[in-house]
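Heads up, the thing below is written out as C-alpha cells.
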Amino acid sequence: MTRHALDWRDLILGLFLVVVAAGALWMTRMLPVGSAADMGTGYMPRVVSLALLGFGLFFLLRGARHAGEAIEPVLIRPVLAVLLAVGVFALTAERLGLAIASVLTVVLAGFATRETKPLESIGFAVLLSGLAALLFIKVLALPVPLWPR
Amino acid sequence: MELFDNLLMGLSTAVQLKNLGFCLIGVLIGTAIGVLPGIGPIPTIALLLPFTFGMEPAGAMIMLAGIFYGAQYGGSTTAILVNVPGETSSVVTCLDGHQMARQGRAGTALAIAAISSFFAGTVATVVIALLSVPLAALALKFTAVEYFSLLVLGLIAAVVLAHGSVARSLSMVFLGLLLGLIGIDVSSGAARMTFGVPELSDGIDFVPVAMGMFGLAEIIANLERPSERRVVSQKVRDLIPSRADLRAAFPAMVRGTALGSALGVLPGGGAALPPFSSYALEKKLAKDPSRFGHGAIEGVAGPEAANNAGAQTSFIPLLTLGIPANALMALMIGALMMQGIQPGPQIMREQPQLVWGVIASMWVGNLMLLVINLPLIGLWVSMLKIPYRLLFPAIVLFCCIGTYGIANSLFNVWLMLGCAAVGYLFIKVGVEPAPLLLGLVLGPQLEENFRRAMLLSEGDFSIFLSRPISAGLLAVVVVVLLAMLSPAIVRRRREALAE
C-alpha cells in the first residue's frame with residue numbers, strides 16, 4: 001500500500017473552491033460594491049466569494065499538511081453513461097421529439113452497468129418512452145414535440 | 001380553544017375529497033420510493049414539483065408532505081425484510097428489525113414499526129399545532145435584523161447537525177449562497193454572474209441542482225457498488241402484534257416520539273438523527289442491553305417512532321418562520337414559492353387554511369399509512385424485486401423530463417448535468433451537498449434582510465447585538481460554533497454520528 005502523505009480529498013475540494021471563488025470574484029469585479037450602509041450589487045458576491053476563497057485556501061493548506069483517507073477509485077463507466085444519457089436527452093428532446101429522446105436516454109443510461117441486457121434494455125426503453133409520452137404529453141400537456149419536426 | 005378551532009379548520013381542508021386524494025397519492029408514492037433503496041424523497045419531491053404547478057397550494061403541499069413521511073414508513077419495510085435501509089433514517093431499524101424477521105417475526109416487526117410511526121405521527125401533529133401559534137406570534141415581531149440572525153442560526157445549526165466535517169459543510173453553505181446570488185439583483189437590476197445566459201437572469205432553479213446532486217450523483221455512486229439484494233422470502237404473517245409485544249414496545253414508542261419531536265424542531269433536524277439517538281437511549285435504558293441487535297422489539301419501536309416524529313416536527317420552522325430545517329424542507333419552500341406564496345412568519349396569518357390543512361393532513365396521512373400499508377405489504381415486497389438495472393435508467397429519464405418540465409427549458413437539463421458531475425465529485429471528496437441546497441434557497445432572503453438591516457442601522461453592524469432577540473440568536477450561533485471547536489465535543493459528535 002502506498003502511504004498518502006497528502007489528503008487528496010481536502011486538496012481537490014480546496015482547489016475546486018478556490019477556482020469557483022476566483023471565477024466569481026473576476027466576474028463580479030465591475031459591479032459596484034458600495035458600503036455597508038448603502039450596499040452595491042457587488043457587495044454580497046464579494047463577501048461570499050472571499051469567504052469561499054478562504055475556505056478553499058484552508059482546505060488546500062490542511063490537505064498539504066496531513067495525510068487523509070484515500071479517495072475511492074472512480075469507475076468511469078457509470079459516470080460517463082449517466083452523464084451522456086442526460087446530455088443526449090438535452091440535445092435531442094426538442095429536435096427528435098420526446099419519444100426518440102426517451103429511448104436513447106434509457107438505452108444509453110443502461111450502459112452504466114454490465115448487468116444490463118441489451119434486448120431487455122431496448123424493450124424497457126420503448127415501454128418507458130410510451131409511458132412518458134402518455135404521462136407528460138397527454139396528461140400533463142408538456143409543450144415538447146412527440147416526434148421529429 | 002383556539003387550538004381546536006385551528007385543527008378543525010385544518011381538518012376541514014384536509015378531508016376535502018380532492019385533498020384526501022392528493023394525500024393518498026403522496027403517501028403511496030412516498031412509501032414506494034421509501035421501500036426502494038437508491039431513491040430518496042429529495043429527488044422524488046424535486047421531480048414532482050413541476051406537477052404541482054396546476055394544483056391548489058394546499059393540495060400540492062399535502063401531497064409533497066405525504067411523500068416525505070410516507071417515505072419513512074416505506075424505508076422501514078425494506079430495512080426489516082431485506083436488511084437494507086430504504087432511507088437513511090431507517091438504518092437503525094435494520095439492526096433489530098431484520099433480526100426479528102429472521103426469527104420469523106417479520107409480521108410483528110412490520111406491525112410494530114407501523115404502529116410506532118402512527119403513534120409518533122399523531123403526537124407530532126399535536127406538537128406542531130401547539131408550537132406553531134406561539135412561534136408564529138413571536139416571529140411576527142421580527143424585523144430584518146432578527147430575521148437575518150435567525151437565518152444565520154438556521155444555516156449554522158444545519159451544518160453542525162449534518163454529517164461530516166463542519167468546515168466542509170460550512171464551505172458548502174457559502175457555495176450555495178454564491179449560487180443563490182446568480183441572477184438579476186432585485187434592487188439595482190444589474191445582472192450578476194449570469195454568463196450572459198438569459199435563463200439565469202431569474203436566478204438558478206434549485207430543482208435541477210437538487211436532482212443533479214441528490215438524484216443523479218447518487219445513482220452514479222450506487223452503480224459503483226456491487227448490487228446485492230436478498231429478500232426474506234418468508235410469508236409475512238402475524239400482522240397483529242400480541243399484547244405482550246405491545247406492552248414491551250409502548251414505553252420505547254413514547255420515548256422515541258418525545259426525542260424525535262424535540263430533535264426534529266432543531267434546524268438541521270429531520271428524520272435522520274432521531275432514530276440513532278433513540279436507539280442509543282433504548283439500549284442504555286434496557287435491563288438487558290445484550291438483547292439489542294438480536295431482535296429486541298424496543299429497538300424497532302423507539303427509532304421508528306423517533307424518525308416519524310422528527311420528520312413531521314421538522315415542518316415547524318418551515319411553517320412558522322419560513323426557515324427550512326433541512327434540504328427537504330428547502331424544497332418545500334421552493335414549492336411554496338412556485339405557488340406564489342412567500343414563506344415567512346406571516347404565512348400562518350395569511351394562509352391559515354393552507355398551514356392548518358397541511359398539519360391536519362399529516363394525521364390523516366398517517367392514518368392512511370397505517371391502514372393501507374400492512375395489507376399492501378405484498379405489493380411493496382414485489383416492488384423490491386425490480387432490479388436496479390431497470391430502475392436507474394427510468395429514474396434518469398424522469399429526472400430529465402421533470403427538470404425540463406419546470407420551465408420548459410433545456411438549459412435546466414444542462415444545469416442538472418453539471419450539478420450531477422459536481423455532486424459526484426462531492427461524493428468522492430466526502431462532502432454533503434445538503435448545506436449547499438439550504439444556502440441556495442436561503443441566499444436571496446439572507447441578502448435582502450442583511451441589506452434592510454444595514455439600511456436601518458446606517459451601516460452599523462452593532463445593531464445585530466443591540467436588539468435582544470437578534471443578540472440571543474447570534475449568541476446561540478457562537479456557542480454552537482465554539483462547542484464544535486472543543487475537542488471533547490468533536491469526539492462525542494463523531495461517535496454519535498458514526499451510529
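By convention in this document, chain letters (A, B, ...) are assigned in the order of the sequence lines, proteins followed by strands, and residues within each chain are numbered from 1.
Between B:C400 and A:F89, the shortest heavy-atom contact is CB-CD2, 3.5 Å. Between B:S171 and A:L52 the shortest heavy-atom distance is O-CD1, 3.5 Å. Considering all non-hydrogen atoms of both residues, A:P45 and B:L178 come closest at O-CD1, 4.4 Å. Contact detail for A:F55 and B:A167: the closest heavy-atom pair is CE2-O, 3.6 Å. Counting all heavy atoms, side chain and backbone alike, B:N408 lies closest to A:E94 at O-OE2, 4.3 Å.
Between the CG atom in B:L177 and the CE atom in A:M44 there is a gap of 6.5 Å [rounded to 0.5 Å]. We find the CG-OG distance between B:L175 and A:S49 to be 10.0 Å, quoted to the nearest 0.5 Å. Taking CG of A:L91 as the start and CH2 of B:W414 as the end, the distance is 4.0 Å to the nearest 0.5 Å. The distance from atom CD1 of A:I71 to atom CD1 of B:I427, rounded to the nearest 0.5 Å, is 13.0 Å. Rounded to the nearest 0.5 Å, atoms CE (A:M27) and CD1 (B:I182) are 7.0 Å apart. A:I12 contributes atom CD1, which lies 12.0 Å from atom CZ of B:F426 (distance to the nearest 0.5 angstrom).
In terms of non-hydrogen atom pairs under 4.5 Å with chain A, the most contact-rich of B:Y404, B:F461, B:F392 is B:Y404. Taking A:P73, A:G42, A:S129 one by one and counting their heavy-atom pairs under 4.5 Å with chain B, the maximum is reached by A:P73. Between chain B and the residues A:V47, A:V144, A:V107, the most heavy-atom pairs under 4.5 angstrom are made by A:V144. Chain B forms more heavy-atom pairs under 4.5 Å with one residue of A:T105, A:L83, A:V20 than with any other, namely A:L83. Per-residue counts of heavy-atom pairs under 4.5 Å with chain A were compared for B:D460, B:V173, B:I220; the largest is that of B:I220. In terms of non-hydrogen atom pairs under 4.5 Å with chain B, the most contact-rich of A:V74, A:L11, A:L108, A:T113 is A:V74. Between chain B and the residues A:A132, A:S102, A:A112, A:A85, the largest count of heavy-atom pairs under 4.5 Å involves A:S102. Options B:V396, B:V413, B:I401 differ in how many heavy-atom pairs under 4.5 Å they form with chain A, and the most are formed by B:I401.
Between B:F450 and A:Y43, the angle of the ring planes lies from 30° to 60°, which puts this pair in the tilted group.
A salt bridge does not link A:R77 with B:E224: none of the charged nitrogens is closer than 4.0 Å to a carboxylate oxygen.
Contact annotation for B:L170: both backbone and side-chain heavy atoms come within less than 4.5 Å of a heavy atom of chain A. The parts of A:L75 that come within reach of chain B are both its backbone and its side chain, each placing non-hydrogen atoms under 4.5 angstrom from that chain. Within the 4.5 angstrom heavy-atom criterion, atoms from both the backbone and the side chain of B:L417 approach chain A. Of the two parts of A:A24, the backbone and the side chain both hold a non-hydrogen atom closer than 4.5 Å to a non-hydrogen atom of chain B. With a 4.5 angstrom heavy-atom cutoff, B:V422 touches chain A only via side-chain atoms.
No donor-acceptor pair closer than 3.5 Å links the side chain of B:K428 to the backbone N or O of A:R9. At distances below 3.5 Å, not a single donor-acceptor pair connects side-chain atoms of B:R192 with backbone N or O atoms of A:T28.
The environment of CZ in A:F111 is sparse: at most 12 heavy-atom neighbours from other residues, nucleotides or ligands sit within 6.0 Å. Remark: A:R95 CZ is loosely packed, at most 12 non-hydrogen atoms of other residues, nucleotides or ligands lying under 6.0 Å away. Environment of CD in B:E458: sparse, with no more than 12 heavy atoms of neighbouring residues, nucleotides or ligands closer than 6.0 Å.
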message: Between B:L223 and A:V82, is the side chain to side chain contact (heavy atoms under 4.5 Å, CB included) condition met? List the steps.
response: CA-CA 10 Å; B:L223 285 168; A:V82 171; 4.3 Å; yes

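Looking at B:L216 and A:V86, their side chains come closer than 4.5 Å, going by heavy atoms from C-beta outward.
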